[in-house]
Amino acid sequence: MKKISTTGISTSGITRRSILKTTAAAALIGAVKTAFPSGAFAAGTGPEVKGVKLGFIALTDSAPLIVAKEKGLFDKHGLPETDVAKQASWGATRDNLVLGGAANGIDGAHILSPLPYLMQTGKVTQNNKPVPMAILARLNLDSQGISVAKEYAETGVQLDASKLKAAFEKKKAEGKEIKAAMTFPGGTHDLWIRYWLAAGGIDPNKDVSTIVVPPPQMVANMKVGNMDVFCVGEPWNEQLVNQGIGFTAATTGELWKGHPEKALGLRADWIEKNPNAAKALLMAVMEAQQWCESMENKAEMAEILGKRQWFNVPTKDVLGRLKGDINYGNGREAKATDLYMKFWKDGASYPFKSHDTWFMTENIRWGNLPGTTDIKALVNQVNREDIWREAAKDLGVAAADIPASSSRGKETFFDGKVFDPENPSAYLDSLSIKAVS
């Protein structure tokens, strides 16, 4: 009777040819293991598809998707046909997600964190038809900006927006409209500029007109006088300063230190159909986030993002704030601050449910969602931090980099307001300016 070894290969009648065959098989297995993520390989299957159609807006926080493409990380994790396509606006991102990749749209995107929720509820889709969405990761923390037209430089406005009140009232008395630009109703930039104005006693629903402008068009629009203030991500605040058109009153990290920003969002049906591919995609993006976090990589990252096919901007418009060097454009300069964009540090990649709870609460505050919204149920539907944890485990992420809880706990804002994710109503009650009673 033949003896069977623990490898399942017969140990009797071993020949040079059989050894060579066995060695070749082992080499093939090793190659396959290298080609596919360890978790997917261990499960016995790789990604169900060879790629995914992703969208991005020309904003620095899209870097993890762009770096994953440029550095071959999608290929490494078994998704060599992944496409990262530039979107003209957040409205276009939404429309292409509604279509889906199979209908010449996109399957996922670098996205405003509240947008998948607004799509899930049908609040921003045609005929209010819900489109089930999922958030797999946060892409970054901090480093958006609130910028102001040069004509307001003498007000000395920074974090305290109340310094603009008199100037705004004077302009309105002259019959002119005060325009505050953001990138999408209910999105992060909309919420930051509203919070900042309201904290300074300026009602964003009554005292100004909020307008929607795609990120890459912000600087050009302020140059021709189409807006008084705007909120957008980088590199557009820095470009505004470099061109001498306006100044940054505050970065959003000064409003709320370590705040969540963009997310990796995907259609829920794509994830259900391609669970291994979803995890492989996430692992590639997480690896890219780790690369983006390293200060040693910032210069190369700025060069990559500045390329024609990505942002098509000078490297200097990207690099300064990436490193935490902030020229506010009003005579104030700060070097090596901790207000730079975090991609991995401080749990930047993990999608805390408590943060999504704040985004939903603020959308209720401004009337984008009804006060009867079951926030907890909605967050549990869209936020897939469970997939993030699986991907982190398969990627070998250090235990110290995996949050113990899906809540980061209470958050404190620059004006002293405190948000307790366990009691959103108390937070709403503490706010004097809001659309809801």
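All values below were derived from every heavy atom in this structure, side-chain atoms included, with hydrogens, water molecules and symmetry-related copies excluded.
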Trainee: According to salt bridge (Lys or Arg N to Asp or Glu O under 4.0 Å), does anything in residues 250-267 pair up with another residue at least two apart or in another chain? List the pairs.
Mentor: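 Only Asp61-Lys262, Lys257-Asp338, Arg267-Asp269 qualify under salt bridge (Lys or Arg N to Asp or Glu O under 4.0 Å).
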Trainee: Which residue pairs satisfy the salt bridge (Lys or Arg N to Asp or Glu O under 4.0 Å) criterion with at least one member in residues 179-193, sequence neighbours excluded?
Mentor: Asp190-Arg194
Trainee: With a 4.0 Å cut-off, would you call Arg389 and Glu385 a salt bridge?
Mentor: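 A salt bridge is present here (some side-chain N lies under 4.0 Å from a carboxylate O).
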Trainee: Report yes or no: does Thr125 contribute a side-chain atom to a donor-acceptor pair with the main-chain N or O of Lys129 at less than 3.5 Å?
Mentor: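 At least one qualifying donor-acceptor pair exists.
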Trainee: May I have the step-by-step check of side-chain contact (heavy atoms from CB on, under 4.5 Å) for Ile433 and Trp366, ending in yes or no?
Mentor: CA-CA 9 Å; Ile433 296 179; Trp366 299 115; 4.1 Å; yes
Trainee: At their closest point, which heavy atom of Leu319 faces which heavy atom of Lys298, and how far apart are they?
Mentor: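 Nearest pair, atom of Leu319 first, then Lys298: CD1-O, 3.6 Å.
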Trainee: Rounded to the nearest 0.5 Å, how far apart are CG of Asn330 and CD of Gln158?
Mentor: 6.0 Å
Trainee: Walk me through whether Thr183 and Leu112 qualify under side-chain contact (heavy atoms from CB on, under 4.5 Å).
Mentor: CA-CA 9 Å; Thr183 62; Leu112 298 163; 4.1 Å; yes
Trainee: In terms of relative ring orientation, are Trp358 and Phe419 parallel, tilted or perpendicular, with 30° and 60° separating the classes?
Mentor: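 Rings of Trp358 and Phe419: perpendicular, over 60°.
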Trainee: With side-chain contact (heavy atoms from CB on, under 4.5 Å) as the test, would you mind laying out the steps for Leu378 and Gln120 before giving the verdict?
Mentor: CA-CA 9 Å; Leu378 182 56; Gln120 176 89 14; 3.9 Å; yes
Trainee: Determine whether the aromatic ring centres of residues Phe56 and Trp310 are separated by less than 6.0 angstrom.
Mentor: yes
Trainee: Ion pair present between Lys69 and Asp75, side-chain N to carboxylate O less than 4.0 angstrom?
Mentor: no
Trainee: So, do Leu305 and Ile66 sit near enough that their side-chain heavy atoms are less than 4.5 Å apart?
Mentor: yes
Trainee: Looking at every non-hydrogen atom in both residues, tell me the closest pair between Trp90 and His110 and how far apart they are.
Mentor: CZ3-O, 3.2 Å
Trainee: Side-chain contact test, heavy atoms from C-beta onward, threshold under 4.5 Å: evaluate it for Phe74 versus Val84 and give yes or no.
Mentor: yes
Trainee: Using 0.5 Å steps for rounding, measure from the CG atom of Leu339 to the OG1 atom of Thr252.
Mentor: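 Going from the CG atom of Leu339 to the OG1 atom of Thr252 covers 8.5 Å.
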Trainee: Quick check against the 3.5 Å criterion: does Asp317 have a side-chain atom that pairs as donor or acceptor with the backbone of Val313?
Mentor: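 No; zero donor-acceptor contacts below 3.5 Å.
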Trainee: Checking Asn274 side chain against Ala277 main chain: does a donor-acceptor pair fall under 3.5 Å?
Mentor: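 Pair absent, no side-chain N/O of Asn274 close to backbone of Ala277.
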Trainee: Using the rule given for salt bridge (charged side-chain N to carboxylate O under 4.0 Å, His left out), can you reason through Glu238 versus Lys316, listing the C-alpha separation, both sets of side-chain angles and the distance that settles it, and then say yes or no?
Mentor: CA-CA 9 Å; Glu238 186 156 6; Lys316 66 183 173 104; over 6 Å; no
Trainee: Rounded at 0.5 Å granularity, tell me how far CD in Gln144 sits from CD1 in Ile146.
Mentor: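 Going from the CD atom of Gln144 to the CD1 atom of Ile146 covers 10.0 Å.
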Trainee: Any salt bridge between Glu293 and Lys345, counting N to O under 4.0 Å?
Mentor: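 Salt bridge: no.
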Trainee: Examine the side chains of Thr248 and Asn237 and answer whether a donor and an acceptor come within less than 3.5 Å of each other.
Mentor: no
Trainee: Given the side-chain rings of Tyr328 and Phe247, with only the six-membered ring counted for Trp, is the space between their centroids under 6.0 Å?
Mentor: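 So the answer is no for these two rings.
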Trainee: Give the minimum heavy-atom separation between Ile135 and Pro351, together with the two atoms involved.
Mentor: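 Distance-wise, the nearest heavy atoms are CG2-CB, 4.0 Å.
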Trainee: Please tell me if the side chains of His77 and Leu281 come closer than 4.5 Å, counting only heavy atoms from C-beta onward.
Mentor: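 The answer is no, as the side chains (C-beta and beyond) never meet within the 4.5 Å cut-off.
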Trainee: Does any part of the side chain of Phe352, heavy atoms only, come nearer than 4.5 Å to the side chain of Pro403, both counted from C-beta?
Mentor: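 A side-chain contact exists here, since the closest heavy-atom pair is under 4.5 Å.
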Trainee: Hey, are Ser113 and Arg138 close enough side-chain-wise for a donor-acceptor pair under 3.5 Å?
Mentor: yes
Trainee: For a quick check under 3.5 Å, do Ser143 and Glu234 share a side-chain donor-acceptor pair by atom type?
Mentor: no
Trainee: Taking the ring centre of each residue, are Phe413 and Tyr195 less than 6.0 Å apart?
Mentor: yes
Trainee: State the CE-CG distance between Met360 and Asn368, to the nearest 0.5 angstrom.
Mentor: 9.5 Å
Trainee: Is the backbone of Gln290 close enough, under 3.5 Å, to the side chain of Ser294 for a donor and an acceptor to pair up by distance?
Mentor: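 No; zero donor-acceptor contacts below 3.5 Å.
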Trainee: Taking the side chain as every heavy atom from C-beta outward, state whether Ser349 and Phe343 have any pair of such atoms under 4.5 Å apart.
Mentor: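 Of all side-chain heavy-atom pairs linking Phe343 with Ser349, none is under 4.5 Å.
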Trainee: Looking at Asp228 and Lys171, is there a salt bridge between them, counting it only when a charged N and a carboxylate O are closer than 4.0 Å?
Mentor: yes
Trainee: Which heavy-atom pair separates Thr155 from Ala167 by the least distance, and what is that distance?
Mentor: CG2-CB, 4.2 Å
Trainee: Determine whether Lys170 and Glu174 satisfy the following criterion, salt bridge (charged side-chain N to carboxylate O under 4.0 Å, His left out), listing intermediate values before the conclusion.
Mentor: CA-CA 7 Å; Lys170 181 176 182 292; Glu174 296 169 355; 3.1 Å; yes
Trainee: Set out, in order, the CA-CA distance, both residues' side-chain angles and the distance that settles side chain to side chain donor-acceptor pair (under 3.5 Å) for Ser209 and Glu177, then state yes or no.
Mentor: CA-CA 7 Å; Ser209 298; Glu177 193 177 10; 2.6 Å; yes
Trainee: Are Lys353 and Asn380 linked by a side-chain donor-acceptor pair shorter than 3.5 Å?
Mentor: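 Judged by distance alone, the side chains do pair up.
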Trainee: Got a sec: does the CD of Gln309 have more than 12 other heavy atoms crowding it under 6.0 Å?
Mentor: yes
Trainee: For a quick test of reading the model, state the closest non-hydrogen atom pair linking Ala58 to Trp236 and the distance between them.
Mentor: O-NE1, 2.8 Å
Trainee: Please assess Leu54 against Asp107 for the test side-chain contact (heavy atoms from CB on, under 4.5 Å), listing each intermediate value before the final yes or no.
Mentor: CA-CA 6 Å; Leu54 301 174; Asp107 305 302; 5.7 Å; no
Trainee: Are Thr373 and Ile364 side-chain neighbours, meaning at least one heavy-atom pair lies under 4.5 Å?
Mentor: yes
Trainee: Shortest non-hydrogen contact from Ala284 to Ala68?
Mentor: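 Taking every non-hydrogen atom into account, O-CB, 4.1 Å.
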Trainee: Please enumerate all residues that pass ring pair (Phe, Tyr, Trp, His ring centres under 6.0 Å) together with Trp196, with sequence neighbours excluded.
Mentor: none
Trainee: Distance check, rounded to the nearest 0.5 Å: Lys417 atom NZ versus Leu255 atom CG?
Mentor: 14.0 Å
Trainee: Is the backbone of Asp203 close enough, under 3.5 Å, to the side chain of Asp207 for a donor and an acceptor to pair up by distance?
Mentor: yes
Trainee: So, do His355 and Trp256 have ring centers that fall under 6.0 Å from each other?
Mentor: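 Yes, close enough.
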Trainee: Heavy atoms, side chains only, cut-off 4.5 Å: are Thr121 and Asn128 in contact?
Mentor: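 No, every pair of side-chain atoms sits at 4.5 Å or beyond.
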Trainee: State, with a plain yes or no, whether a side-chain heavy atom of Thr361 is found less than 4.5 Å away from one of Tyr427.
Mentor: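 Side chain of Thr361 against side chain of Tyr427, heavy atoms only: contact under 4.5 Å found.
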Trainee: Indicate yes or no: does Lys71 engage Glu300 in a salt bridge with an N to O separation below 4.0 Å.
Mentor: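 Here Lys71 pairs with Glu300 in a salt bridge, since their nearest N and O are under 4.0 Å apart.
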Trainee: Checking side-chain polar atoms at under 3.5 Å, does Tyr340 have a donor or acceptor matched by the opposite partner on Asp142?
Mentor: no
Trainee: Would you give the length of the straight line joining atom CE of Met341 to atom CG of Leu139, rounded to the nearest 0.5 angstrom?
Mentor: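 Nearest 0.5 Å value for the CE-CG distance: 10.0 Å.
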Trainee: Hey, does the side chain of Asp346 reach the backbone of Ala348 with a donor-acceptor pair shorter than 3.5 angstrom?
Mentor: no
Trainee: Is there a donor-acceptor contact under 3.5 Å from the side chain of Asp401 to the main chain of Val397?
Mentor: no
Trainee: Take a 6.0 Å sphere around NZ of Lys150 and say whether it holds more than 12 heavy atoms from other residues, nucleotides or ligands.
Mentor: no
Trainee: Using a strict 4.0 Å threshold on nitrogen-to-oxygen distance, state whether Arg365 and Glu362 make a salt bridge.
Mentor: yes
